[in-house]
Amino acid sequence: MSYLTIKDDMANGNAKVIGVDIDQSWGPKYKNNPAIKDPRFSTSHKEIDAKEIDVVVFSHLLYTESSVNDAIALLKKCKKGTIVIVRGASPNSFFTLTSMVFSLRLLTPTRSHYWYKSQLRKLVKSAGLVRVLREEDQIKPDGVVIQKYELNSDSAMHAQNLLGFLYGRIAGDSAKRYLDELMRPGDAACIPNDDLVYVYSLDNQVARER
């Protein structure tokens, strides 16, 4: 299947789409998407039967070595021509800022804020992905999702869970305390939280040649 064919199928509700995220709580947002017919959602590649999947959406997944390896393992089970959409934090997002701060910790260094330069490149090379809309060697994304992080109890919880998953409980608790301070009565805060989006097609032959 070509990208254009699958794009039409998605518009008509015929493409089989699965969303993969590290946070189970985002599942309902995938499953309640009216633009996708029978959307599937998972947090583990081991639970997915990838043979009939047309589109795989990796959302905020490529932040750790283990999650990148899981993504590669899933794509190796997918058929040639599968469309792969990768979404993650942009340089101006709250997550990128916190990642840069925690990367300075001596005992728990991280390069999560470089996911679109390092982890994404590993995924592309190991799985045999080919850019659909741009040249292969460009870092520039295919799209940017402009959004803001509206501070409330749910957003604080998601930030705590994500940072706790990446850097440990202390980091997660620190982020929640910071957000709680911003949410004091009378204060209003809205944090930039834009995402980058990349679109690829799976070509198993490319992986073998590399």
Side-chain angles (χ1 to χ4, degrees), residues 1-10 14-24 26-27 29-30 33 36 38-91 93 95-96 99 110-145 162 165-166 195-210:
M1 261 189 196
S2 68
Y3 169 70
L4 293 178
T5 300
I6 291 181
K7 185 178 179 181
D8 289 340
D9 283 345
M10 288 183 69
N14 296 324
K16 295 182 179 179
V17 182
I18 186 164
V20 185
D21 198 304
I22 62 173
D23 190 344
Q24 184 68 46
W26 289 106
K29 291 186 179 296
Y30 283 95
N33 189 336
I36 303 175
D38 189 27
R40 309 177 192 185
F41 176 85
S42 181
T43 58
S44 172
H45 74 93
K46 297 178 182 178
E47 303 171 354
I48 302 172
D49 182 2
K51 296 178 181 178
E52 297 184 358
I53 296 297
D54 298 313
V55 182
V56 177
V57 181
F58 291 124
S59 179
H60 300 83
L61 190 76
L62 306 184
Y63 296 148
T64 67
E65 190 72 18
S66 61
S67 62
V68 175
N69 291 335
D70 285 346
I72 293 171
L74 169 59
L75 293 180
K76 287 186 176 180
K77 297 189 293 184
C78 292
K79 62 189 176 185
K80 180 178 179 179
T82 298
I83 296 301
V84 180
I85 301 174
V86 182
R87 177 172 174 169
S90 74
S93 73
F95 167 77
T96 298
S99 176
T110 176
R111 290 174 56 86
S112 299
H113 47 289
Y114 292 131
W115 71 270
Y116 54 92
K117 294 182 179 179
S118 55
Q119 288 94 310
L120 180 59
R121 284 178 173 173
K122 177 179 178 180
L123 178 72
V124 168
K125 182 177 181 180
S126 299
L129 299 181
V130 179
R131 291 291 294 267
V132 172
L133 304 176
R134 294 187 181 275
E135 293 296 328
E136 181 71 25
D137 59 350
Q138 290 187 5
I139 295 179
K140 187 175 181 180
D142 295 305
V144 178
V145 180
L162 178 58
F165 173 82
L166 294 172
D195 286 341
L196 305 179
V197 178
Y198 296 83
V199 182
Y200 298 90
S201 177
L202 180 61
D203 188 338
N204 310 96
Q205 181 63 34
V206 173
R208 286 194 292 269
E209 292 175 352
R210 288 174 177 171

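Please read these numbers as outputs of a predicted model, since none were measured by experiment.
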- [ ] Could you grab the distance from atom OG1 of T82 to atom CD1 of I53, nearest 0.5 Å is fine?
- [x] 8.5 Å
- [ ] Please examine the side chains of V144 and L196, heavy atoms only from C-beta on, and report whether any two atoms are closer than 4.5 Å.
- [x] yes
- [ ] Working to the nearest 0.5 Å, report the span between CG of L133 and CZ of R131.
- [x] 7.5 Å
Open item on the list: Do P141 and V197 make a side-chain contact, defined as non-hydrogen atoms from C-beta onward lying under 4.5 Å apart?
Closed with: no
TODO: Compare all side-chain heavy atoms of V55 with those of K16 and state whether any distance is below 4.5 angstrom.
DONE: no
TODO: Look up atom OG1 in T64 and atom CG in D70, then write down how far apart they are to the nearest 0.5 Å.
DONE: 7.5 Å
Open item on the list: Within the structure provided, determine whether L202 and V56 are in side-chain contact (heavy-atom separation under 4.5 Å).
Closed with: no
Task: CD1-CG distance between I85 and D142, expressed to the nearest 0.5 angstrom - done: 9.5 Å
TODO: Show your working on side chain to side chain contact (heavy atoms under 4.5 Å, CB included) between L123 and W115 and close with a plain yes or no.
DONE: CA-CA 10 Å; L123 178 72; W115 71 270; over 6 Å; no
Task: Heavy-atom check, side chain of K122 versus side chain of L62, under 4.5 Å - done: no
- [ ] Kindly compute the distance separating OG (S67) from NE2 (H60), expressed to the nearest 0.5 Å.
- [x] 12.5 Å
Open item on the list: For a 4.5 angstrom cut-off between non-hydrogen side-chain atoms, does I83 reach D54?
Closed with: no
Open item on the list: Any heavy-atom pair between the side chains of L120 and F58 that's under 4.5 Å?
Closed with: no
TODO: Tell me, please, whether Y198 has R87 positioned over its six-membered ring: NZ or CZ under 6.0 Å from the ring centre and within 45 degrees of its axis?
DONE: no
Open item on the list: Looking at every non-hydrogen atom in both residues, tell me the closest pair between Y200 and V132 and how far apart they are.
Closed with: C-CG2, 3.5 Å
